[in-house]
Amino acid sequence: MSAEHDELRQVVREFLTQRSPSHEVRRLMDAGESRDEQVWALLAGQLGLTGIAVPERFGGAGYGPVELGIVLEEMGGALLVAPYFATVAMAGQVLAASGDEAAMARWLPGIADGSLTATVAVAEDAGSWDLAGITASAQPASAQPAGDGWAVTGTKLFVVDGHTAGLLLVVANAPDGPGLFAVERGAAGLETARLDALDLTRALASVTLRATPAVRVAAGQDTADWLQPAFDLVLAALAAEQVGGAARCLDLAVSYAKVREQFGRPIGSFQAIKHKCANLLLEVECGRSAVYHASEALAGGEPDAPLAANLAYAYCSRAFTDAAKECIQIHGGIGYTWEHDAHLYLRRAKSSELLFGPPARSRVRLAELAGI
């Protein structure tokens with residue numbers, strides 16, 4: 001990490017400390033809001049964070065997975081309530097990876113300046129992002145060019161911020177195989193609804209399409225050649241967010257162990273608590289190393305990038321959940337109450353662990369990439 005990266009981290013951290021404190025997270029969570037408009041405007045306009053991973057020719061800063069990972073690590077620690085992950089880390093990276101100049105020119109400038117929110121819709125009943133399990137279908141519309149005129153039918157579940165996104169990138173089966181289709185909010189036959197979810201700080205939605213007009217992204221390309229690598233970018237981004245959340249759980253636990261007294265001395269002086277905190281520190285630092293390696297590998301197009309991204313996600317999923325659980329246990333009874341923030345991190349940890357399907361499926365793909 002360079003001095004420039006350290007400065008970026010510090011700027012984002014200070015912004016989130018001021019604009020996304022715990023009481024603000026809870027206010028948005030309780031109101032069922034997906035973002036604070038003023039915070040989103042500052043985040044996009046003043047800091048330019050929505051365009052950080054968008055190519056410069058489309059109005060972005062032209063950075064890559066490393067810089068995006070730094071931003072998401074800080075956002076994960078703050079539990080920012082905003083459609084940043086869905087818009088920038090998911091939809092933005094998928095669009096940029098497609099190589100479709102027309103699609104990028106049409107939608108990336110809006111993502112870069114914060115005027116457009118977007119998401120990716122893949123999972124269905126099984127909750128998996130495995131392309132082999134896709135049942136949604138797309139057919140060319142009559143009397144229109146094959147690249148532009150498509151009709152998509154199907155139901156997508158667990159779509160991050162899908163009920164508010166201005167653009168949905170939907171994976172569906174075309175006659176020539178799986179494809180990615182862009183659907184704009186307000187399109188005929190499109191219905192979205194927010195789902196009840198464990199994590200109240202990150203909204204999930206169902207998306208129903210009934211012969212909904214769509215534009216095919218990267219028409220003429222083999223979807224398997226570019227979409228799975230794009231998903232690896234998303235996995236690494238989520239892993240960065242997870243390690244930020246795990247680090248925050250460790251900080252909360254250590255801070256409490258220093259002031260909570262039992263038998264006349266701080267509980268942090270007891271060997272059992274020391275062991276818990278030391279083990280958490282090890283998990284957090286290992287997760288951070290895995291994320292940094294994955295980000296660098298993806299940025300450099302290294303051969304082991306898919307393996308590194310999947311390893312980072314698998315490891316950080318467990319590390320975040322472990323950190324959140326231990327944070328609650330170290331806090332004791334107060335950690336189980338609604339008023340304490342510890343349970344918010346556990347909810348985010350479990351939701352993130354399941355976001356792309358069952359953990360067992362993720363481990364199978366990791367084993368395949370490792371040649372096991």
Side-chain angles (χ1 to χ4, degrees), residues 1-17 20 49 52-53 63-80 84-85 88-89 93 232-255 274-300 302 304-327 330 341-342 344-346 348-353 355-356 359 362-363 366 369-370:
M1 291 291 164
S2 67
E4 185 181 24
H5 291 145
D6 291 337
E7 184 177 355
L8 172 63
R9 181 186 303 279
Q10 189 60 34
V11 168
V12 176
R13 181 173 297 179
E14 290 177 359
F15 176 80
L16 294 173
T17 299
S20 184
L49 296 182
I52 194 167
Y63 292 113
V66 175
E67 293 75 19
L68 179 60
I70 291 171
V71 174
L72 285 169
E73 186 177 343
E74 295 303 315
M75 290 182 175
L79 291 179
L80 176 69
Y84 187 88
F85 179 77
V88 180
Q93 292 205 105
D232 291 335
L233 288 167
V234 177
L235 285 179
L238 183 56
E241 186 188 82
Q242 289 172 315
V243 83
R248 178 57 178 158
C249 288
L250 173 60
D251 290 344
L252 289 172
V254 170
S255 296
K274 289 181 180 180
H275 282 167
K276 285 182 180 294
C277 292
N279 288 336
L280 285 185
L281 177 61
L282 179 62
E283 285 196 78
V284 168
E285 290 304 319
C286 287
R288 186 172 281 131
S289 295
V291 167
Y292 290 173
H293 172 66
S295 298
E296 292 281 3
L298 289 164
E302 301 294 334
D304 71 336
L307 174 60
N310 281 266
L311 176 60
Y313 174 62
Y315 186 89
C316 291
S317 291
R318 192 182 76 174
F320 190 10
T321 299
D322 287 348
K325 288 180 177 179
E326 292 287 33
C327 179
I330 289 172
D341 291 342
L344 298 180
Y345 286 92
L346 180 58
R348 172 66 69 87
K350 294 304 296 182
S351 175
S352 297
E353 186 179 6
L355 190 58
F356 300 121
S362 298
R363 290 192 290 270
L366 178 59
L369 290 169

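The basis for the numbers below is simple: all heavy atoms, side chains too, and nothing from hydrogens, waters or symmetry mates.
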Worksheet entry | Euclidean distance, Phe356 CZ relative to Asn310 CG, rounded to 0.5 Å | 10.5 Å

Worksheet item: Rounded to the nearest 0.5 Å, what separation is found between the SG atom of Cys327 and the OH atom of Tyr345?
Response: 9.0 Å

Worksheet item: If you look at every heavy atom in Ala319 and Ala246, which pair is closest and at what distance?
Response: O-CB, 4.2 Å

Discussion item. Let me confirm one number: the CD-CD distance from Glu326 to Glu283, rounded to the nearest 0.5 Å.
Written reply: 8.5 Å

Worksheet item: Can you check whether Tyr313 reaches Ser362 side chain to side chain, under 4.5 Å on heavy atoms?
Response: yes

Practice prompt. Please tell me if the side chains of Glu73 and Val291 come closer than 4.5 Å, counting only heavy atoms from C-beta onward.
Written response: no

Discussion item. For a quick test of reading the model, state the closest non-hydrogen atom pair linking Ala312 to Ala294 and the distance between them.
Written reply: CB-CB, 4.1 Å

Practice prompt. Of all the heavy-atom pairs spanning Ala323 and Leu280, show the shortest one and how long it is.
Written response: CA-CD2, 3.5 Å

Item to complete: Determine, step by step, whether Leu16 and Leu80 satisfy the side chain to side chain contact (heavy atoms under 4.5 Å, CB included) criterion, reporting the C-alpha distance in whole Å, the side-chain angles of both residues, the deciding distance to 0.1 Å, and the verdict.
Response: CA-CA 8 Å; Leu16 294 173; Leu80 176 69; 4.1 Å; yes

Item to complete: Go through the steps to decide whether Glu67 and Val71 satisfy the test side chain to side chain contact (heavy atoms under 4.5 Å, CB included), and finish with yes or no.
Response: CA-CA 7 Å; Glu67 293 75 19; Val71 174; 5.9 Å; no

Worksheet item: Which distance, rounded to the nearest 0.5 Å, do you find between the CG of Leu72 and the CZ of Phe85?
Response: 7.0 Å

Practice prompt. Find out whether Gln93 and Leu68 are in side-chain contact, i.e. whether some heavy atom of one side chain is under 4.5 Å from a heavy atom of the other.
Written response: yes

Worksheet item: What's the verdict on side chain to side chain donor-acceptor pair (under 3.5 Å) for Glu4 and Tyr63, showing C-alpha distance, side-chain angles and the deciding distance?
Response: CA-CA 12 Å; Glu4 185 181 24; Tyr63 292 113; 3.1 Å; yes

Worksheet item: Is there a side-chain contact between Ile70 and Val12 (heavy atoms, below 4.5 Å)?
Response: no

Worksheet entry | Non-hydrogen side-chain atoms of Glu296 and His293 separated by less than 4.5 Å | no

Item to complete: Could you go through the side chain to side chain donor-acceptor pair (under 3.5 Å) check for Glu353 and Thr321 one step at a time?
Response: CA-CA 8 Å; Glu353 186 179 6; Thr321 299; 3.2 Å; yes

Worksheet, complete the sentence: Closest non-hydrogen contact found for Ala297 with Ala308 is CB-CB, 4.5 Å

Worksheet item: CG/Leu235 to OG/Ser317 distance, rounded to the nearest 0.5 angstrom?
Response: 8.5 Å

Fill in: Side chains of Leu281 and Val254 in contact at under 4.5 Å (non-hydrogen atoms)
no

Worksheet entry | Of Leu311, Leu307, Asp304, the residue whose pairing with Leu369 passes side chain to side chain contact (heavy atoms under 4.5 Å, CB included) | Leu307

Practice prompt. Calculate, to the nearest 0.5 Å, the distance between atoms CG and CG belonging to Asn279 and Asp322 respectively.
Written response: 9.5 Å

Discussion item. Show, in sequence, the C-alpha distance, side-chain angles and deciding distance for Asp341 and Arg248, and conclude whether the side chain to side chain contact (heavy atoms under 4.5 Å, CB included) test is met.
Written reply: CA-CA 11 Å; Asp341 291 342; Arg248 178 57 178 158; 5.9 Å; no

Practice prompt. Check the surroundings of atom CZ in Arg9: do more than 12 heavy atoms from other residues, nucleotides or ligands lie under 6.0 Å from it?
Written response: yes

Fill in: Which atom of Asp232 lies closest to which atom of Pro306, heavy atoms considered
OD2-CB, 3.4 Å

Worksheet item: What heavy-atom pair brings Ala236 and Leu298 nearest, and what distance separates the two atoms?
Response: CB-CD1, 3.4 Å

Worksheet entry | Side chains of Gln242 and Leu238 in contact at under 4.5 Å (non-hydrogen atoms) | yes

Fill in: Side-chain heavy-atom pair Phe320, Cys249 within 4.5 angstrom cut-off
yes

